[in-house]
Engineer: 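Quick one: this structure, given as structure tokens, is what I'll be asking you about.
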Amino acid sequence: MEFDSLVVQGIPAVENEKGSVVPPIHLATTYVQESLSSFQEFGYGRGENPTRFNLEALVSQLEGVKHGFAFSSGMAATTTVFNLFKQGDKVLLNCDLYGGTYRYADNLFTQQGIDFELVDNVNDLTDTDLTPNVKAIFIETPSNPLLRVIDIQKLSDLAHKHDCLVIVDNTFMTPYLQRSFELGADIVVYSATKYLSGHSDIIAGLVTVDDDDLAAEIKMLQSTLGNILSPTDSYHLIQGIKTLTVRMDKQEENTKKIIQFLEKHPSIANVYYPGSSSDVEAKIQKKQASGIGAVFSIELVPEASPEKFVDALNIINLAVSLGGVESLICHPASMTHDYYSPELRQKIGISEGLLRLAIGIENPDDLIKDLEQALDKAV
Ligand SMILES: *Cc1c(COP(=O)(O)O)cnc(C)c1O
């Protein structure tokens with residue numbers, strides 16, 4: 001089946017003997033065992049739950065790999081993967097990435113004696129950067145909030161020569177637009193809170209992996225750390241995923257129209273979207289993803305006030321997060337990347353005036369009109 005069929009039809013009928021069109025929600029925390037010697041598939045709900053298993057099977061199919069795991073948040077997914085590493089290991093990360101991921105590295109890697117480094121331009125890594133203690137490279141591409149593009153295939157070829165894992169946080173692109181495993185990634189994580197659920201009403205995370213040994217370790221960590229996704233949220237995520245492709249198509253179409261409008265507007269100094277920073281990155285994005293998604297960032301000209309602009313918006317709400325059907329705007333320096341020190345933000349290019357937009361499924365002309373009147377009031 002093609003991807004847009006799989007999102008709707010890919011749910012296996014685990015424990016669905018009545019043939020209901022949508023899968024049932026299994027709430028039981030424990031399952032009757034027939035005898036002392038006969039163990040069955042479902043024992044205790046933290047380890048096994050039919051509704052969560054449905055979601056996990058669906059997600060592994062969407063990604064085209066053998067294993068999927070569902071967690072209570074995107075951070076739970078990422079930090080579970082980070083638990084694969086031990087004292088003495090080193091992890092490289094791209095420099096502008098989700099604020100919580102950097103906060104974890106800065107606090108917990110440091111406490112655990114795991115070395116880490118924020119890499120300025122991951123595309124420029126060479127053999128000499130991958131010392132034997134570098135066990136993984138964790139990337140977000142496009143990056144957050146500057147939408148820089150990293151060549152997953154090139155990075156994977158390099159990393160695999162050195163027994164180093166490539167972990168991709170594919171939250172912005174989803175498996176619909178970017179097939180990370182086909183490009184060589186070893187582990188792919190998601191904040192399913194965003195595009196996969198799509199309606200700003202559940203917090204959820206996913207890990208997908210093809211390798212059986214890695215999957216066994218993740219499974220052990222998931223049931224030991226206990227950071228599983230609940231049965232009801234698993235159900236809601238299955239429902240959200242069904243409309244992923246229609247939402248994404250519309251959100252991206254809206255985004256392209258809005259970027260076109262903003263790039264021509266005299267009050268806009270910069271628009272950052274995947275591929276905007278160089279021809280090289282534009283080529284990589286075109287090669288490795290089938291779109292640019294629906295997140296981009298802007299800077300106003302010095303005469304315009306970002307505060308007045310945001311205050312004047314009527315439809316586009318000021319809030320963190322992205323990937324929902326409603327359009328949002330946020331101020332990375334104070335809202336999503338406030339854990340980064342001002343010096344680090346400046347070094348990376350997250351300016352005080354940078355604003356990040358996540359476009360929803362509203363009528364694009366309404367969104368453009370909203371932006372236009374707010375830009376007028378900002379000067
Ligand atoms: C939101 C987000 C996360 C964290 O996910 P939660 O579901 O909020 O825990 C991680 N990575 C990216 C790219 C995100 O946007």
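Reckoned from all heavy atoms, side chains included, excluding hydrogens, waters and symmetry mates. For the single chain, residues carry numbers from 1 onward in sequence order. Just follow the structure's listing: the first ligand is 1, and inside any ligand the first atom is 1.
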Engineer: Taking everything shown except Lys283 itself, do over 12 heavy atoms lie less than 6.0 Å from its NZ?
Structural biologist: no
Engineer: Should His337 and Asp96 be marked as a side chain to side chain donor-acceptor pair (under 3.5 Å) after you check the CA-CA gap, both sets of side-chain angles, and the distance that decides it?
Structural biologist: CA-CA 9 Å; His337 288 67; Asp96 61 319; over 6 Å; no
Engineer: The criterion is ring-ring contact (aromatic ring centres under 6.0 Å, His included); which residues satisfy it with Phe3, sequence neighbours excluded?
Structural biologist: Tyr176
Engineer: Rest of the hydrophobic cluster containing Val280 (Ile/Leu/Val/Met/Phe/Trp/Tyr, side-chain heavy atoms under 4.5 Å)?
Structural biologist: Val149, Ile284
Engineer: Using side chain to side chain donor-acceptor pair (under 3.5 Å), reason through Tyr98 and Asp169 one step at a time and then give a plain yes or no.
Structural biologist: CA-CA 9 Å; Tyr98 184 70; Asp169 179 339; over 6 Å; no
Engineer: Tabulation required: pairs of a nitrogen or oxygen in ligand 1 and a protein nitrogen or oxygen under 3.5 Å; columns are atom names and distance to 0.1 Å; otherwise 'none'.
Structural biologist:
| from | atom 1 | to | atom 2 | distance (Å) |
| --- | --- | --- | --- | --- |
| ligand 1 | 5 (O) | Ser191 | OG | 3.0 |
| ligand 1 | 7 (O) | Gly74 | N | 2.8 |
| ligand 1 | 7 (O) | Ser191 | OG | 2.8 |
| ligand 1 | 7 (O) | Thr193 | OG1 | 2.6 |
| ligand 1 | 9 (O) | Gly74 | N | 3.0 |
| ligand 1 | 9 (O) | Met75 | N | 2.8 |
| ligand 1 | 11 (N) | Asp169 | OD2 | 2.7 |
| ligand 1 | 15 (O) | Lys194 | NZ | 2.7 |

Engineer: Which atom pairs, one a donor and one an acceptor, fall under 3.5 Å between side chains of residues 361-372 and the rest of the protein, sequence neighbours left out?
Structural biologist:
| from | atom 1 | to | atom 2 | distance (Å) |
| --- | --- | --- | --- | --- |
| Glu362 | OE1 | Ser327 | OG | 2.8 |
| Glu362 | OE2 | Ser327 | N | 2.8 |
| Asn363 | OD1 | Asp365 | N | 2.8 |
| Asp370 | OD1 | Asn314 | N | 2.8 |
| Asp370 | OD1 | Gln373 | NE2 | 2.9 |
| Asp370 | OD2 | Asn314 | N | 3.3 |
| Asp370 | OD2 | Ile315 | N | 2.8 |
| Asp370 | OD2 | Ile316 | N | 3.1 |

